[in-house]
Every structure is written in C-alpha cells, then in structure tokens.
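Down below is the structure, laid out as structure tokens.
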Amino acid sequence: SSYRQDGIVKGSGPCIGGLVGTVKNFVINSYHKNGNIHGTDYVGGLAGICSGSMQNSYHENGNVYGNNYVGGIVGLAEKTLSSIFFSGGNIVASGYAVGGIVGNATRATLDSIVNVEVFGSVTGTDSVGGIVGSTISHRIKKAHSTRDIKGENFVGGVAGYACNKDYPFNYDVDSSYATGNVFGNN
C-alpha cells in the first residue's frame, strides 16, 4: 500500500522522523513525505531509527535538520534500504554521521543500500556523505548523489566514513557515484 504525508515535523529530542521516530522489525513500503523535519539526534526524512527494511519510498520538497545521525531518509539504519529517493531539499546538521539517504548504517550484515538517489545538498561536520555519512559493513550499490557535500573531516561524495574492521563481511561500493562538489578538510 502507498502512504503520503504533508507538513512539518518538529521535535526537541532524539528519534525524529517524518513517518515515525523508531521502526523495529517492520518493512516500510511505498511511503512519500513532503515537508521539513527538525530534531536533535537520529533524525530522518521518514524515520529517526530504522531496524526494519525500507523500500520504494521517498522524501521530497523539504529539508531535514539535526545534530548527529541525520539522514535525508533515515538517521540510523540497520537493514536494507532499497529504491529510496530524496529530492527537493537539503540535509543540514551541526554534527557527525550525516548523509543524503542515511546518517549511519550499522550492524555487520549482508544488507545493502541499493538503488538510491539524492537530489539535495548535505552539510555536516564529520563523517558526511552524499549517500551515507558513516557505515560499517553495508554494501552500497547503484547509488547516486547530485549536489554539494560539505563537512570538515571524513567527507565523501558517496560515503563520508566506511570501514569493515573486525566484521566478517566486506564493505563494498558498486556502480555508485557523485556529481556534485565535495568540500572538506580531510
């Protein structure tokens, strides 16, 4: 089924999303959000924290504001994000783990970030990426970011910080690219 929500979402604490603050063991499918999202940590255009999967969903025509773990779609993701789009807005954060789709993709699994696009700028301090701010062992495939990425340390067109240290699965980027400018110190 398909869902649509329009309007501004503001929160003074963590786990703020356009649809839900925290999603656990649930699949979000075909969701569309218009409007600005404001929060502190774990802020996303659709979900603050997503422990379930998300597919065929997008956020458009609105900005996402926060401090740490801020993403155009999800602040913190632990499972697969597939066919996800962010357009017509910007992601603006004052801290770390800031990404066009997801701020922080964590957990050592075979899950992926696949077939995603970002049509908005991304601004943060550390671990700032066009698709994902920071990731541990997530695979990024067919991801595209089109606008400017700005930060200070660990800044990248696709991923700001990526590693697979002490995890059994490889971190992998395949058929992914950025066409905007990348600005950072390191």
Side-chain angles (χ1 to χ4, degrees), residues 37 39 41-50 54 57-60 63-167 169-186:
I37 312 296
D41 296 335
Y42 303 104
V43 181
L46 297 183
I49 296 176
C50 186
M54 188 179 295
S57 297
Y58 58 101
H59 179 276
E60 67 178 357
N63 299 319
V64 178
Y65 301 99
N67 297 334
N68 304 304
Y69 304 107
V70 179
I73 301 297
V74 180
L76 172 69
E78 297 179 340
K79 300 282 184 176
T80 300
L81 302 175
S82 176
S83 298
I84 305 292
F85 305 93
F86 179 90
S87 68
N90 301 303
I91 298 94
V92 181
S94 60
Y96 57 87
V98 184
I101 295 293
V102 61
N104 186 0
T106 187
R107 299 263 177 150
T109 68
L110 291 173
D111 292 323
S112 303
I113 299 169
V114 61
N115 194 29
V116 298
E117 291 186 277
V118 176
F119 300 98
S121 65
V122 182
T123 303
T125 304
D126 297 321
S127 298
V128 181
I131 302 299
V132 59
S134 63
T135 182
I136 298 174
S137 296
H138 259 65
R139 294 179 179 172
I140 301 172
K141 185 175 182 179
K142 296 182 183 175
H144 177 213
S145 174
T146 64
R147 302 265 298 276
D148 291 350
I149 314 302
K150 299 175 186 174
E152 293 180 16
N153 301 299
F154 304 108
V155 182
V158 173
Y161 178 81
C163 78
N164 67 346
K165 184 179 182 223
D166 300 326
Y167 291 92
F169 307 111
N170 292 325
Y171 166 77
D172 186 24
V173 175
D174 181 26
S175 302
S176 299
Y177 61 96
T179 56
N181 295 310
V182 177
F183 303 96
N185 298 329
N186 295 314

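Rounding to the nearest 0.5 Å places CG of D174 at 11.0 Å from CD1 of I140. Distance check, rounded to the nearest 0.5 Å: NE2 of H59 to CD1 of I91 gives 9.0 Å. Of the inter-residue distances, the one linking I101 atom CD1 with M54 atom CE reads 10.0 Å to the nearest 0.5 angstrom. Rounded to the nearest 0.5 angstrom, K141 NZ and S82 OG are separated by 10.5 Å. In this structure, I73 CD1 and S57 OG are separated by 7.5 Å, a value rounded to the nearest 0.5 Å. Between the CG atom of N63 and the CD1 atom of I37 there is a distance of 10.0 Å, given to the nearest 0.5 Å.
The environment of OH in Y177 is sparse: at most 12 heavy-atom neighbours from other residues, nucleotides or ligands sit within 6.0 Å. By the 6.0 Å contact criterion, OH on Y65 is enclosed, its count of non-hydrogen atoms from other residues, nucleotides or ligands being greater than 12.
With hydrogens and angles disregarded, no donor-acceptor distance shorter than 3.5 Å links the side chain of N185 to the backbone of N153. Put simply, the side chain of T125 never gets that close to the backbone of Y96: no donor and acceptor are under 3.5 Å apart. Using modelled atom types, no side-chain atom of D148 and backbone atom of G180 make a donor-acceptor pair closer than 3.5 Å. Between the side chain of S175 and the backbone N or O of K142, no donor-acceptor pair lies under 3.5 Å.
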**Request:** Go through E78 and T106 one step at a time and tell me if the side chain to side chain contact (heavy atoms under 4.5 Å, CB included) criterion holds.
**Result:** CA-CA 5 Å; E78 297 179 340; T106 187; 3.9 Å; yes
**Request:** Decide side chain to side chain contact (heavy atoms under 4.5 Å, CB included) for V74 and L46; before the verdict, give the C-alpha distance in whole Å, the side-chain angles of both, and the deciding distance to 0.1 Å.
**Result:** CA-CA 6 Å; V74 180; L46 297 183; 5.5 Å; no
**Request:** Go through K150 and V155 one step at a time and tell me if the side chain to side chain contact (heavy atoms under 4.5 Å, CB included) criterion holds.
**Result:** CA-CA 7 Å; K150 299 175 186 174; V155 182; over 6 Å; no
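For the side-chain contact (heavy atoms from CB on, under 4.5 Å) with I149, the lone residue among I131, V128, V158 that qualifies is V128.
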If you look only at distance, which donor and acceptor atoms sit under 3.5 Å apart when one is on a side chain in residues 114-124 and the other is two or more places apart or in another chain?
unit_1: N115; atom_1: ND2; unit_2: S83; atom_2: OG; d: 3.1
unit_1: S121; atom_1: OG; unit_2: N90; atom_2: OD1; d: 2.7

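Between Y69 and Y42, the ring-plane angle classifies as parallel under the 30° and 60° cut-offs.
Close placement of the Y161 and F154 rings is indicated, their centers lying within 6.0 Å of each other.
Partners of S134 under the side-chain hydrogen bond (donor to acceptor under 3.5 Å, both in side chains) rule, at least two apart in sequence or in another chain, are N104.
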